[in-house]
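Every chain is numbered from 1 and lettered A, B, ... according to where its sequence line falls, protein lines coming before strand lines. Keep in mind that the numbers below use all heavy atoms, side chains included, and drop hydrogens, waters and symmetry copies.
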There are 2 protein chains.
Amino acid sequence: MSKVTLKDVAAASGVSYQTVSKVLNKQATVSPETEERIWEAARQLHYRPNVSARNLRTQSSNLIGYAWQRAADESPRPILDQFLYNAVLRFEQAGYHVLTLLTGATEEMDVTIYRELYGRRQVEGFILADTNHDDPRIAYLIEQNIPFASFGRANDAWDFCWVDVDGRHGMRIVVEHLLAQGHRRIGLITWPEGSEAGAHREAGYEDGLAAAGIALNPQWIVRGENTVQTGAEGTTRLLDLPAGERPTAVMCISDFIAIGALNAARAAGLQPGPDIAITGYDDLPMSQFFHPPLTTVHQPIAEVSLQLAELLLQQINNKPIAKKGILLNPRLVVRESSMR
Amino acid sequence: MSKVTLKDVAAASGVSYQTVSKVLNKQATVSPETEERIWEAARQLHYRPNVSARNLRTQSSNLIGYAWQRAADESPRPILDQFLYNAVLRFEQAGYHVLTLLTGATEEMDVTIYRELYGRRQVEGFILADTNHDDPRIAYLIEQNIPFASFGRANDAWDFCWVDVDGRHGMRIVVEHLLAQGHRRIGLITWPEGSEAGAHREAGYEDGLAAAGIALNPQWIVRGENTVQTGAEGTTRLLDLPAGERPTAVMCISDFIAIGALNAARAAGLQPGPDIAITGYDDLPMSQFFHPPLTTVHQPIAEVSLQLAELLLQQINNKPIAKKGILLNPRLVVRESSMR
DNA sequence: ATCAGTATTGCGAACGTTCGCCCGAACGTT
DNA sequence: AACGTTCGGGCGAACGTTCGCAATACTGAT
């Protein structure tokens with residue numbers, strides 16, 4: 001049971017072990033009889049190639065690294081899990097496996113794990129997520145010329161492979177939907193400044209208002225971490241504005257925040273939908289079951305991971321890459337939380 | 001930049017490459033000066049050991065396989081993600097990395113992926129989740145004597161390493177809580193028969209009723225897949241029972257089902273909590289933000305993954321194992337959905 | 001009968017480590 | 001002055017593949 005090698009198969013079928021290797025890799029010109037004999041022996045002995053030996057010889061590993069970033073607050077990220085699932089799916093089709101790494105809290109340390117894994121030839125490339133402006137990981141990977149592709153953009157000047165969902169467009173269509181519902185005073189609960197994705201989505205909010213000729217009111221914008229509590233406190237603050245300035249609709253930059261907004265609105269005696277419109281962003285699996293069901297923006301996650309995998313595989317195999325950056329469109333999902 | 005090997009470091013420091021290996025692995029008796037010279041050269045040249053070569057020589061891979069099962073309905077499993085995160089954390093501390101595999105829909109095919117990966121010496125062991133009675137994967141791994149540890153039990157007669165959360169106890173404390181609230185007619189919405197975890201939880205439900213001297217009413221038990229819809233339909237069915245038999249409390253076997261129950265109860269004009277008690281199981285991150293917040297059972301997931309990793313590492317390193325099965329206690333989390 | 005040409009298979013080498021054993025020199029001991 | 005001991009380090013071998021080229025046998029044509 002222990003370990004059967006090429007030599008064992010060779011001995012069993014009466015040829016040299018190198019010939020066995022060639023036959024098993026379908027790159028030999030041998031007589032049909034010996035070929036069958038070899039295959040039969042391999043089957044009988046349950047031969048499996050040793051990946052370490054193969055990798056050493058071929059100077060490859062067929063492994064992709066994906067570093068999982070976990071926020072300090074332990075909040076899970078259903079989006080990323082779905083993302084990971086689909087990426088793994090694509091990579092396995094291409095004969096690659098995915099190594100799941102963990103990345104610490106400190107940004108500086110991040111780079112070491114990429115450096116080590118690639119330096120040791122353990123992985124052939126990386127998939128990144130949760131990227132940000134001036135992301136040190138991206139800077140490092142570009143500089144070292146290490147194959148990678150990221151979910152999310154970074155600095156515009158940097159030249160690398162990425163796939164992103166157009167948050168600017170996503171937020172804009174939310175605004176347009178709310179305008180169509182007759183809303184004129186629209187609040188926004190968003191993340192702290194400094195987030196690349198956040199900046200794009202905020203731009204979409206501004207675009208939408210500007211297109212409708214509505215002047216931006218700074219008091220309509222509230223910031224906080226990506227928590228339910230932020231949504232609750234932000235909504236309370238917006239509702240405390242004087243009647244003439246108080247928003248009749250609240251856009252949240254994530255479903256997580258939106259659920260806090262829903263709760264706070266109800267606590268204030270308002271029924272989300274008829275009394276105040278509330279929208280989210282991400283379309284978490286649960287969001288359709290909130291009370292009321294949440295209007296939100298759905299991102300084509302499966303498509304993102306597919307394209308990302310494609311980009312990375314092309315780099316690894318030195319294929320020409322048509323377009324390094326791919327921007328996908330999200331889709332508005334209207335539910336009761338924004339219907340009068 | 002390409003690839004610097006032991007020989008390069010040896011040439012730079014004027015010793016044989018085997019000596020460099022020993023020094024870098026801290027198992028050499030050399031003079032302090034040469035040692036420092038070697039380290040310095042390794043640092044300057046950015047030497048990183050080639051894992052394939054090392055693995056080939058040492059007959060190890062320092063890799064653990066974890067096969068991710070995805071339900072056909074695409075529903076994500078936040079619990080499992082949290083589980084995976086903590087397991088990876090522990091393994092990385094021990095110098096292992098985790099390979100994330102995908103497992104198809106068909107149960108038979110499952111075994112091949114385990115067979116291949118272990119046979120090719122790509123991984124040294126496996127972590128399993130979502131186990132069931134007569135699980136073919138477990139049967140195979142036991143038979144082949146492949147190191148593994150599973151989240152969840154299987155057949156009692158099988159001897160293998162597992163960690164589980166005591167669902168029987170979990171459901172029982174829910175019953176006791178409801179009894180204390182004055183409920184006597186308690187419904188149960190559960191999975192289809194044939195689930196190991198389901199059977200344990202159902203037993204806890206029965207235990208609790210029996211201890212209180214309440215006869216089990218078959219009509220109180222409704223079954224369906226693990227979806228929100230099941231919860232909604234099940235609740236409606238329970239509420240349709242004649243007044244004398246109609247449950248005043250509905251226990252759900254998962255939070256997913258419970259959210260459907262909450263919605264259906266409200267749709268029937270009942271306020272969850274005062275009018276009808278509803279409980280879940282799992283304590284999803286979102287559950288505390290439902291409307292009303294959901295009473296549920298919290299599982300010590302981080303502890304589960306820690307113990308699981310420990311069990312697997314002990315097997316791999318041929319350490320003696322004190323206890324092959326570890327049963328952890330869950331914790332009741334009382335929220336408004338079950339408070340009058 | 002000789003020769004080129006092709007079909008089949010063998011062989012040496014290399015990928016980059018780790019491990020056990022050997023060897024020379026320096027040391028102190030009897 | 002001869003003899004173990006220890007220290008510092010070198011050397012051969014092996015882990016299991018893949019790959020290019022060499023070698024043999026067999027085919028058909030001249």
Side-chain angles (χ1 to χ4, degrees), chain A residues 1-39 41-42 45-63 95 116-124, chain B residues 1-39 41-42 45-63 95 116-124:
Chain A
M1 169 59 218
S2 56
K3 58 206 164 176
V4 24
T5 74
L6 280 180
K7 298 194 181 177
D8 299 318
V9 178
S13 46
V15 294
S16 76
Y17 68 93
Q18 295 98 328
T19 302
V20 175
S21 168
K22 288 175 191 168
V23 167
L24 262 30
N25 290 323
K26 307 188 199 299
Q27 53 189 26
T29 61
V30 293
S31 71
E33 306 90 60
T34 42
E35 167 147 14
E36 181 47 43
R37 231 175 41 241
I38 292 175
W39 277 107
L45 297 174
H46 297 118
Y47 169 76
R48 312 256 177 260
N50 180 309
V51 289
S52 294
R54 169 176 290 179
N55 288 344
L56 175 59
R57 177 62 230 231
T58 62
Q59 300 286 58
S60 64
S61 72
N62 285 342
L63 247 42
E116 287 302 313
L117 253 85
Y118 190 77
R120 293 164 170 252
R121 315 272 136 169
Q122 180 133 296
V123 303
E124 299 187 23
Chain B
M1 170 58 218
S2 55
K3 57 205 164 175
V4 23
T5 75
L6 281 179
K7 298 193 181 178
D8 298 318
V9 179
S13 45
V15 293
S16 76
Y17 68 93
Q18 295 97 328
T19 302
V20 175
S21 168
K22 289 177 189 169
V23 167
L24 262 30
N25 290 322
K26 306 189 200 297
Q27 53 188 23
T29 61
V30 292
S31 70
E33 306 90 61
T34 41
E35 167 149 13
E36 180 47 43
R37 233 176 40 241
I38 292 175
W39 276 109
L45 298 174
H46 297 117
Y47 169 75
R48 311 257 177 260
N50 179 309
V51 288
S52 295
R54 168 177 291 179
N55 289 343
L56 175 59
R57 176 62 230 233
T58 62
Q59 301 285 57
S60 63
S61 71
N62 285 343
L63 246 43
E116 286 302 312
L117 253 84
Y118 190 76
R120 293 164 170 251
R121 315 272 135 167
Q122 181 135 321
V123 304
E124 300 187 22

Whole-Å distance, E33(A) CD to dT8(C) C1', equals 11 Å
R37(A) atom CZ is separated from dT9(C) atom C1', nearest whole Å, by 11 Å
Tabulated below should be each protein N or O lying under 3.5 Å from an N or O of nucleotides 20-27 of chain D; please produce it.
unit_1	atom_1	unit_2	atom_2	d
dG20(D)	O6	K22(A)	NZ	2.6

By the Watson-Crick or G-U definition, both distances under 3.5 Å, dA14(D) is matched with dT17(C)
- Is any side-chain nitrogen or oxygen of T5(B) closer than 4.0 Å to OP1 or OP2 of dG16(C)? no
Closest non-hydrogen atoms of I38(B) and V15(B), given as atom of the first, atom of the second and distance, are CD1-CG2, 3.8 Å
Checking all strands, does T19(B) fall into the base, sugar-phosphate, or nothing category for heavy-atom contacts under 4.0 angstrom? base
Interatomic distance, OG@S13(B) vs CD@E33(B), rounded to 0.5 Å, equals 13.5 Å
Atom CG of L56(A) and atom C1' of dT18(D) are separated, to the nearest Å, by 10 Å
Residues A12(B) and A41(B): closest non-hydrogen pair is CB-CB, 4.0 Å
Rounded to whole Å, the CD-P distance (Q122(A) to dT17(C)) equals 14 Å
Rounding to 0.5 Å, atoms CD (Q122(B)) and CZ (R48(A)) come to a distance of 13.5 Å
Separation of dT18(C) atom P from L24(B) atom CG, nearest Å, is 8 Å
Practice task
Could you give me the CA-CA distance, side-chain angles and deciding distance for L6(B) and L24(B), then say whether side chain to side chain contact (heavy atoms under 4.5 Å, CB included) is met?
Solution key: CA-CA 10 Å; L6(B) 281 179; L24(B) 262 30; 4.3 Å; yes
Closest heavy-atom pair, E124(B) versus S60(B), reported as atoms and distance to 0.1 Å, is OE2-CB, 3.3 Å
When both distances are under 3.5 Å in a Watson-Crick or G-U wobble arrangement, the nucleotide paired with dA25(D) is dT6(C)
From CZ of R121(A) across to C1' of dT17(C) the rounded distance in Å is 15 Å
The correct set of residues in residues 47-55 of chain A placing a heavy atom under 4.0 Å from DNA chain C is none
All heavy atoms of L56(B) vs all of S52(A), minimum pair found to be N-CB, 3.7 Å
Q59(A) atom CD is separated from dT17(C) atom C1', nearest whole Å, by 12 Å
What one should report as the nearest heavy-atom pair of V4(B) and Y47(B) is O-CD1, 3.3 Å
Here the gap from K7(A) atom NZ to S16(A) atom OG, rounded to the nearest 0.5 Å, amounts to 11.0 Å
**Request:** Assign S21(B) to base, sugar-phosphate, or nothing according to its heavy-atom contacts below 4.0 angstrom with the strands shown.
**Result:** base
Closest non-hydrogen contact found for R121(B) with V51(A) is O-CG2, 3.8 Å
Atom CG of L6(A) and atom C1' of dC19(D) are separated, to the nearest Å, by 13 Å
Looking only at dT18(D), dG10(C), dG8(D), the nucleotide nearest the S31(B) side chain is dG8(D)
By nearest-heavy-atom nucleotide on DNA chain D, the more 5' of Y17(B) and Y17(A) is Y17(B)
